[in-house]
Participant: 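I am attaching a structure below and will ask some questions about it afterwards.
Hydrogens, waters and symmetry mates play no part in the numbers below; they use all other heavy atoms, side chains included. By convention in this document, chain letters (A, B, ...) are assigned in the order of the sequence lines, proteins followed by strands, and residues within each chain are numbered from 1. The model shown is predicted, which means the values in this text are computed figures rather than measured ones.
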Amino acid sequence: MKRLRRTFFNRSTLIVAEELLGKILVFKNHKGIITETEAYMGFDDPASHAARGKTKRTEIMFGPPGYSYVYLIYGLYHCLNVVTEKEGFPAAVLIRGLLVQDQKTGKDIHLDGPGKICRYLGITTQDHNKIDIVKNEDFYVGCVKKTLGFKTTSRIGIRVGQDKLWRFVGEF
DNA sequence: ACCCCGATCGTA
DNA sequence: ACGATCGGGGTT
């Protein structure tokens, strides 16, 4: 499958978040259609982990685009992001929705939530943080010709930064 | 060393 | 509405 290159991720995070809708996430033997994303970017976004500067956890968000950022939330769940924008500007897109076909049952499963996605795919901070998904053989985003319609809303699960409509929900 | 809190999810 | 569960990051 043709895959997204670094130039795709080296753009405005809002554009990347929107255009990731309908693309295919490939992880090992799994494939799924991305149905929901959120943007986190810059120093004026209080909901972003990286808004108050670089730390050991968030340094990947300051790095070059096209890398995974996987973090543990509430001590229980992992969340997958893809780093966006030029090196030095902290930004990433959170993958919140994925439509997969279960390999045992053949049934469609809508993984609606970032924790569910990582749990289903087996993505962890320990094993899958800071991976270059532009180069990796079994962790990348594939191109798709179709683009989905979408809506924007405020982001889920945050207390600050709710004024920004940076959640992108695909219509499929 | 200590404390608070969180980009969630399942159950009630 | 709430508890589970733990690492990050700021403060002492």
Participant: I'd like to check the salt bridge (Lys or Arg N to Asp or Glu O under 4.0 Å) partners of A/Arg11; sequence neighbours left out, ordered by chain and number.
Facilitator: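 With neighbours one apart ignored, the set is A/Glu19.
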Participant: Output a table of donor-acceptor pairs, distance under 3.5 Å, between side-chain atoms of residues 56-63 of chain A and any protein atom two or more places apart or on a different chain; print 'none' if there are none.
Facilitator:
from, atom 1, to, atom 2, distance (Å)
A/Thr58, OG1, A/Thr55, N, 3.0
A/Thr58, OG1, A/Thr55, OG1, 3.1
A/Glu59, OE2, A/Lys130, NZ, 2.7

Participant: Within the supplied structure, the quantity of interest is the number of heavy atoms (other residues, nucleotides, ligands) at a distance under 6.0 Å from A/Glu171 CD; does it exceed 12?
Facilitator: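 More than 12 heavy atoms, drawn from other residues, nucleotides or ligands, come within 6.0 Å of this atom.
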Participant: Not counting sequence neighbours, which residues clear side chain to side chain contact (heavy atoms under 4.5 Å, CB included) with A/Asp112? List them please.
Facilitator: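 With neighbours one apart ignored, the set is A/His110, A/Lys116.
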Participant: Strictly under 4.0 angstrom, non-hydrogen atoms only: write out the protein contact profile of nucleotides 1-12 of chain B, one letter per nucleotide from the 5' end, B, S or -.
Facilitator: -----BBBSS--
Participant: Please convert DNA chain B into dot-bracket. A pair counts if it is Watson-Crick or G-U wobble with both distances under 3.5 Å; crossing pairs go in [ ] and bases paired with another strand get |.
Facilitator: ||||||.||||.
Participant: Tell me, which pairs form a side-chain hydrogen bond (donor to acceptor under 3.5 Å, both in side chains) where one or both residues lie in residues 131-142 of chain A, sequence neighbours left out?
Facilitator: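 Applying side-chain hydrogen bond (donor to acceptor under 3.5 Å, both in side chains) to every pair that reaches into residues 131-142 of chain A, excluding sequence neighbours, yields A/Arg6-A/Asp132.
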Participant: Students should find this one: the first and last nucleotides of DNA chain C, 5' to 3', lying under 4.0 Å from a heavy atom of chain A. What are they?
Facilitator: C/dA4 to C/dG9
Participant: Mind checking what makes ring pair (Phe, Tyr, Trp, His ring centres under 6.0 Å) contact with A/Tyr71, not counting sequence neighbours?
Facilitator: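 A/His49, A/Tyr69.
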Participant: Which Ile, Leu, Val, Met, Phe, Trp or Tyr residues join A/Val160 in one cluster when any pair of side-chain heavy atoms under 4.5 Å counts as a link?
Facilitator: none
Participant: When the P atoms of C/dT5 and B/dC2 are compared, how many Å lie between them, rounded to an integer?
Facilitator: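 It works out to 22 Å between them.
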Participant: Could I get the full list of ring pair (Phe, Tyr, Trp, His ring centres under 6.0 Å) partners for A/Phe27, not counting sequence neighbours?
Facilitator: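 If we apply the ring pair (Phe, Tyr, Trp, His ring centres under 6.0 Å) test to A/Phe27, skipping adjacent residues, the hits are A/His128, A/Phe139.
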Participant: Residues in ring pair (Phe, Tyr, Trp, His ring centres under 6.0 Å) with A/Phe89, at least two apart?
Facilitator: none
Participant: Among all residues two or more places apart in sequence or in another chain, which pass the ring pair (Phe, Tyr, Trp, His ring centres under 6.0 Å) test with A/His78?
Facilitator: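 With neighbours one apart ignored, the set is empty.
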